[in-house]
**Student:** 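One structure, as structure tokens, below. Some questions next.
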Amino acid sequence: MPLGSLRPSPLVEQAAQRLREQIAAGHWPVGGKLPGETTLARELGVGRSTVREALRALAGAGLVRPRHGAGVFVTATEPVADWPARLRRAAVTDVYEVRMGVEVQAARLAALRRTPEDITALRAALEGRRAAVAADDAAFVEADIALHAAVVTAAHNPVLADLFTEFVPVLREGLIGLLDLTRLRAADPGTGDHTHTGLIEAVIAADPDTAAATLRAELESTLGLLRAGSEGES
């Protein structure tokens with residue numbers, strides 16, 4: 001089936017879109033090999049460099065994969081959603097399970113790597129969380145997240161920090177919803193102060209085992225509440 005020549009305009013985007021449509025329609029099945037650049041360029045009415053850039057865009061979307069010396073092969077008919085979009089669609093309990101793995105390791109590393117500057121920031125974050133006791137749920141959650149962010153920062157691992165940053169929007173929404181549902185702060189406005197204090201003290205004391213265990217217990221407790229809330233809504 002001829003692809004049809006393209007109109008003058010951003011040709012790479014048009015070429016990528018035309019190829020994407022053909023892949024989605026099954027013209028080239030998953031596992032199948034695309035025609036060579038010269039053939040695609042002729043059918044699309046563009047240069048090989050345009051085809052090359054279009055294929056690069058499709059590879060970035062997870063639709064095709066080049067194999068050195070063999071050609072370009074179809075790997076999916078729908079583009080892979082970007083990580084932030086997938087997180088936004090994920091259940092908060094699923095995100096929380098992954099958060100536990102990220103943050104528990106971060107707490108352990110923070111206890112081993114924290115600097116004097118980190119200690120100052122950790123203490124300030126704990127005081128900030130305590131100061132937010134008199135604020136509304138949204139402000140309290142912001143202060144809570146800031147404390148956890150300070151621990152992740154003290155781990156001095158940019159990958160862990162980037163992962164935590166991606167989680168924040170989903171965590172914020174989930175935690176505010178949890179507080180609204182459970183009314184935890186009605187009886188205890190600074191809920192979790194004891195465990196958060198223990199976490200910060202363990203990191204400052206360079207005690208990785210206690211830091212990791214304390215944070216794991218805190219997150220498991222919150223995850224249990226989130227799961228109970230999700231079941232109650234279903």
**Student:** So, for L199 and A107, which heavy atoms are closest and what is the spacing to 0.1 Å?
**Tutor:**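 So the two residues come closest at CD1-CB, 4.1 Å.
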**Student:** Are E97 and M100 side-chain neighbours, meaning at least one heavy-atom pair lies under 4.5 Å?
**Tutor:**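 They are not in side-chain contact.
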**Student:** Taking atom CG of D137 and atom CG of D144, what is their separation to the nearest 0.5 Å?
**Tutor:**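 Result: 11.5 Å between the selected atoms.
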**Student:** Should we count CZ of R185 as having more than 12 external heavy atoms under 6.0 Å?
**Tutor:**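 More than 12 heavy atoms, drawn from other residues, nucleotides or ligands, come within 6.0 Å of this atom.
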**Student:** Is the closest side-chain donor-acceptor distance between D162 and T165 under 3.5 Å?
**Tutor:**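 No.
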**Student:** Can a salt bridge be assigned to the pair R113 and D118 using a cut-off of 4.0 Å between side-chain N and carboxylate O?
**Tutor:**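 Answer for the salt bridge query: no.
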**Student:** Which heavy atom in T75 sits nearest to a heavy atom in V64, and how many Å separate them?
**Tutor:**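 In terms of heavy atoms, the two residues are closest at OG1-N, 3.4 Å.
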**Student:** Short question: side chain of T50, backbone of V46 - any donor-acceptor pair under 3.5 Å?
**Tutor:**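 Not at all, since once roles are kept as given, no pair shorter than 3.5 Å links the two residues.
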**Student:** Would you say that more than 12 heavy atoms from the other residues, nucleotides or ligands in this model lie under 6.0 Å from the CD of E21, or not?
**Tutor:**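 Enclosed: over 12 neighbouring heavy atoms sit under 6.0 Å from CD of E21.
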**Student:** Would you name the heavy atoms of A111 and A202 that are closest together and state the gap between them?
**Tutor:**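 What the structure gives for the nearest pair is CB-O, 4.2 Å.
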**Student:** If I compare all heavy atoms of R129 with all of T191, which pair ends up nearest, and what's the gap?
**Tutor:**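 Closest heavy-atom pair between R129 and T191: NH2-O, 2.7 Å.
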**Student:** For the backbone of W28 and the side chain of K33, can you confirm whether one donor and one acceptor N or O come within less than 3.5 Å of each other?
**Tutor:**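 A pair under 3.5 Å: no.
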**Student:** Under 6.0 Å from the ring centre and within 45 degrees of the ring axis: does the NZ or CZ of R99 meet both conditions for the six-membered ring of F164?
**Tutor:**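 Checked: cation-pi criterion not met.
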**Student:** Are side-chain N/O atoms of E13 and Q17 paired as donor and acceptor at under 3.5 Å?
**Tutor:**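 There is no such pair (donor and acceptor under 3.5 Å, judged by atom type) between the side chains of E13 and Q17.
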**Student:** Output yes when E78 and R20 qualify as a salt bridge under the 4.0 Å nitrogen-oxygen rule, no when they do not.
**Tutor:**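 Salt bridge: no.
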**Student:** Restricting to non-hydrogen atoms, name the atom on A57 and the atom on A16 that form the minimum distance, rounded to 0.1 Å.
**Tutor:**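 So the minimum-distance heavy-atom pair works out to CB-CB, 4.5 Å.
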**Student:** Of the non-hydrogen atoms in L112 and P208, which two are nearest, and what is the gap between them?
**Tutor:**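 Result for this residue pair: CD2-CG, 3.8 Å.
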**Student:** Please confirm whether the backbone N or O of G192 pairs with a side-chain atom of T195, one donor and one acceptor, at under 3.5 Å?
**Tutor:**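 The answer is yes, because a donor-acceptor pair under 3.5 Å joins these two groups.
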**Student:** I need the T153 OG1 to H148 NE2 distance, nearest 0.5 Å.
**Tutor:**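 Between T153 OG1 and H148 NE2, I get 12.5 Å after rounding to 0.5 Å.
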**Student:** Applying the 4.5 Å side-chain criterion to the ILVMFWY set and letting contacts propagate, would V51 and F73 be lumped into a single cluster?
**Tutor:**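 Result: no, two separate clusters.
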